[in-house]
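Report on one structure; see the data block that follows.
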Amino acid sequence: MMQLTLVQLDNYGPWTVTPEPKKEALLQKLQADIYSKLQDMFMQKKSLLFMMRQDNMIAVTNGMAGDDHRRIIQEVNSTFPVTVSMSAASAQTAYEAQRIATEALVSQGGAKHGKRKGALKFSGTNEGIVQMAHIDVDNITHHTDNNVYASYSKVVEAQSELTKELVKKGALVFFMGGDNFISPSNGVSKEGFENIFSEISERIGVSFKAGVGTAKTSEDAVALASIALKEVRKGTKERIIFKN
Ligand SMILES: Nc1nc2c(ncn2[C@@H]2O[C@H](COP(=O)(O)OP(=O)(O)OP(=O)(O)O)[C@@H](O)[C@H]2O)c(=O)[nH]1
Ligand SMILES: [Mg+2]
């Protein structure tokens, strides 16, 4: 089971334009500051937060209880001019967990509900195993050193293809910077990744390697995934290595 937490800014759209549209640079700073604070607090609980849309974030929070979430909400909401609500749910796949979490949060009011403020819905199991894949594009530096915008465009295209393919297997995938992606991917096998990577490679000419870790928390799963990815880099044959 994976436990996912949806973190959503409360009524953020209307706030950004009231009384007049706020300066975009200040909104960017605010979003980065909220993300940084949240990541710091989730990290203390061995969880990992994904930036996603910035106004909506997802954390993989196996091992965290309802009270842990409430403390983070209180801390963030007493620090910033906008508040966040959270909804945690567990399921066999990451896709299903976020779907349940979304539905539960909307029961408290949707993203533009004027009265929802610092709500918490918690239906996590506080146990289970997390699988995280650290996925990396092969030889992006060739593009980076040739035409930096072309390299960025390749990475965006790769993200779009990974998103489309992984969701068919119930997995999510998030861009982490550079040419790195992390996929909460319980239930996706080595063959599953191999098939997805070769299909994408045929379609857009981008090839991937991946380290995949499983553990009781996000932090430990990602650490194992990154060690496995390093092993892929050192070796010559295997493009995907699993570790637990
Ligand atoms: N967030 C994050 N960024 C990374 C990490 N490792 C590398 N990067 C970034 O990703 C860029 C590309 O790194 P690499 O994947 O090593 O470069 P490459 O040319 O694709 O080389 P190969 O993947 O070995 O073929 C780096 O310049 C960094 O900016 C990581 O673990 N996490
Ligand atoms: Mg790379």
Side-chain angles (χ1 to χ4, degrees), residues 4 7 28-29 31-54 56-61 94 130-166 171-185 188 190 193-215 217-244:
L4 262 66
V7 181
Q28 292 299 310
K29 268 165 57 69
Q31 288 168 194
D33 289 346
I34 293 174
Y35 167 76
S36 175
K37 179 79 189 166
L38 284 164
Q39 187 70 280
D40 195 35
M41 297 192 75
F42 278 113
M43 181 179 73
Q44 288 171 32
K45 294 285 161 190
K46 288 179 154 266
S47 292
L48 181 64
L49 177 69
F50 298 101
M51 215 178 211
M52 201 162 56
R53 282 174 42 174
Q54 307 200 24
N56 285 264
M57 292 159 263
I58 280 178
V60 178
T61 54
V130 183
Q131 175 176 304
M132 293 284 208
H134 185 167
I135 302 169
D136 183 284
V137 174
D138 289 331
N139 200 17
I140 195 72
T141 308
H142 167 75
H143 296 284
T144 314
D145 292 346
N146 186 43
N147 178 334
V148 74
Y149 195 77
S151 81
Y152 168 68
S153 172
K154 273 278 170 222
V155 169
V156 171
E157 204 181 354
Q159 180 179 18
S160 165
E161 291 289 326
L162 286 169
T163 306
K164 267 189 282 188
E165 293 304 323
L166 282 162
L172 310 181
V173 63
F174 301 103
F175 178 53
M176 306 306 288
D179 64 348
N180 294 259
F181 303 93
I182 290 183
S183 174
S185 50
V188 184
K190 191 172 179 199
F193 282 112
E194 276 166 357
N195 292 338
I196 287 172
F197 291 172
S198 66
E199 266 178 46
I200 297 176
S201 172
E202 274 170 35
R203 267 206 299 270
I204 66 166
V206 169
S207 62
F208 301 99
K209 55 186 147 322
V212 185
T214 45
T217 64
S218 288
E219 184 174 296
D220 292 344
V222 171
L224 287 168
S226 299
I227 291 167
L229 181 62
K230 198 174 167 194
E231 281 179 19
V232 172
R233 274 216 169 79
K234 275 201 258 167
T236 49
K237 273 183 89 181
E238 297 223 74
R239 306 309 294 156
I240 303 169
I241 292 179
F242 273 60
K243 253 191 193 314
N244 54 34

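Order of listing sets the numbers, starting from 1, for every ligand and every atom in it. The shown structure was predicted, so the numbers you read here are calculated from the model rather than taken from an experiment.
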Report all protein residues having a heavy-atom distance below 4.0 Å to some atom of ligand 1; order the list by chain, then number.
H134, D136, V137, D138, N139, I140, T141, M176, G177, G178, D179, N180, K209, R233
Which heavy atom of T214 sits nearest to which heavy atom of L224, and what is that distance?
O-CD1, 3.4 Å
Check: R239 and D138 side chains under 4.5 Å, non-hydrogen atoms
yes
Evaluate the side-chain proximity of F208 to D136: yes if any heavy-atom separation is below 4.5 Å, no if none is.
no
Less than 4.0 Å between a side-chain N and a carboxylate O, is that true for R203 and E157?
no
Which heavy atom of Q39 sits nearest to which heavy atom of S47, and what is that distance?
OE1-O, 4.5 Å
When every non-hydrogen atom of S218 is compared with those of L48, the smallest separation belongs to CB-N, 3.6 Å
Any idea which heavy atoms bring V212 and Q131 closest together, and the distance?
CG1-CG, 3.5 Å
Environment of the Mg ion (ligand 2) in terms of protein N/O/S atoms, cut-off under 2.8 Å
D136 OD1, V137 O, D179 OD2
For a ring pair (Phe, Tyr, Trp, His ring centres under 6.0 Å) with F181, tell me which candidate from F50, F175, F197, F193 qualifies.
F175
Less than 4.0 angstrom from a charged side-chain N to a carboxylate O is my criterion; do E161 and K164 meet it?
yes
